[in-house]
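These notes are about the structure you will find just below.
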Amino acid sequence: MPELPEVESTVRALRPRIRGQRLLAVRALDPVLAHVPRAMALPAAVQDVERRGKYILFRLDTVFLIVHLRMSGRLLWREEGAYPPHTRLVLEFPHGEVLFVDVRRLGTAEVAREFREELGPDALSDLSFLPQALRRSRAPIKVWLLDQRNLAGIGNIYAAEILFRAGIDPRRPAHSLTPAEVARLRAVIPAVLEEALAALGTTLADAAYQTPEGEAGDYAPWVYGREGLPCKVCGTPIVRVELGGRGTYFCPRCQK
DNA sequence: TCATCCCTGTGG
DNA sequence: CCACAGGGATGA
């Protein structure tokens, strides 16, 4: 799921439910997460729920519980009922539970006194540094966008969507972008992410991302996952190539 | 900067 | 059965 729009949607749904509430207990249903409850002094009040890039931070009295959903993780809010398959961690509150569900078990949960990850500026923050930063990189622009040390929050889907909307070929070296292209990119990054956020993110057929309330995201990609299908703008078949080891989709006519 | 690996499920 | 999947750490 989980790029900025999905993670932010998750945080926004959870925050009003648990901010200020007492976390009573944490149960690890997956042995590899057994360290989590052991590292926490409970009960503890949740001061806030925050997003840093694609990380979710539960700010407790003295520590952070830091969750990364990776490929298949999601956080669900439950007031009653059985746990879904692949539930790994349960956070118990007086009025309900947060479930960390993760089919592929690549997601992580850590307890730490502070958040120490090398993340670049958030993709929804001020992007005025973009021209200077891009000038210094020979990486393909799509690979640059995916590197969380450059910009935090963009993943494979939205990198493709952003470059489509900016009309830029994902293979172009970052430093080769013209000032006009950089300006387009700067405008399109928040536009695409906000649009996806308004739709509660993207839910693809095979990966059941959902918000904590169980809703699917409605964002419909223009190019991601559409190899061979006609471009929604010009009808040219969407092309898939591999960049930085991951599938990369673009329209060879709209993106130069 | 790139390949490899983590893990499991699904679709071709 | 194999390829592939939205992420990221690691080691060469």
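Just so it is clear, the structure is predicted and the values come from calculations on it, not from any experiment. Lettering follows sequence order; numbering is per chain, from 1.
When the nucleotides B/dC7, B/dT1, C/dA5 are ranked by their closest atom to the side chain of A/Met71, C/dA5 comes out on top. Residue A/Val103 places its side chain closer to B/dT8 than to any other of B/dT1, B/dT8, C/dG7. Candidate nucleotides B/dC7, C/dA5, C/dG7 were compared by shortest atom distance to the side chain of A/Arg246, and C/dG7 ranks first. Side-chain proximity of A/His86 to the nucleotides B/dG9, C/dA9, B/dT1 is greatest for B/dG9.
Judged by Watson-Crick or G-U wobble contacts below 3.5 Å, the nucleotide B/dC7 has no partner.
With P as the reference atom, B/dC7 and C/dG11 are 16 Å apart, rounded to whole Å.
Put simply, A/Arg240 has a side-chain N or O that comes within less than 4.0 Å of OP1 or OP2 on C/dA5. In terms of phosphate contacts, A/Gln148 brings no side-chain nitrogen or oxygen within less than 4.0 Å of OP1 or OP2 of C/dG7. Residue A/His68 has no polar side-chain atom (N or O) positioned under 4.0 Å from OP1 or OP2 of C/dG7.
With respect to the salt-bridge test (charged N to carboxylate O, under 4.0 angstrom), the residues A/Arg27 and A/Glu97 qualify.
Of the possible polar contacts, one joining the A/Asn156 side chain to the A/Gly247 backbone as a donor-acceptor pair under 3.5 Å is found. Judged purely by atom type and a 3.5 angstrom limit, A/Asp48 has no side-chain atom pairing as donor or acceptor with the backbone of A/Arg59.
Using a 4.0 Å heavy-atom distance criterion, A/Glu118 is classed as making no nucleic acid contact. Residue contacts for A/Tyr55: at a heavy-atom cut-off of 4.0 Å it reaches the sugar-phosphate backbone alone, with no base atom in range. A/Arg88 comes within contact range of no nucleotide atom at all, as no heavy-atom separation falls under 4.0 Å.
In this structure, a donor-acceptor pair under 3.5 Å is absent between the side chains of A/Thr203 and A/Tyr219.
Below 30°, between 30° and 60°, or above 60°: for A/Phe115 and A/Tyr55 the angle between ring planes is above 60°, a perpendicular geometry.
No hydrogens or angles were tested; on distance alone, nothing pairs the side chain of A/Arg105 with the base of B/dC7 as donor and acceptor under 3.5 Å.
Nearer to the 5' terminus of DNA chain C, by closest-nucleotide assignment, is the contact made by A/Arg104 (compared with the other of A/Glu117 and A/Arg104).
Atom P of nucleotide C/dG7 and atom CG of A/Leu243 are separated by 14 Å, given to the nearest angstrom.
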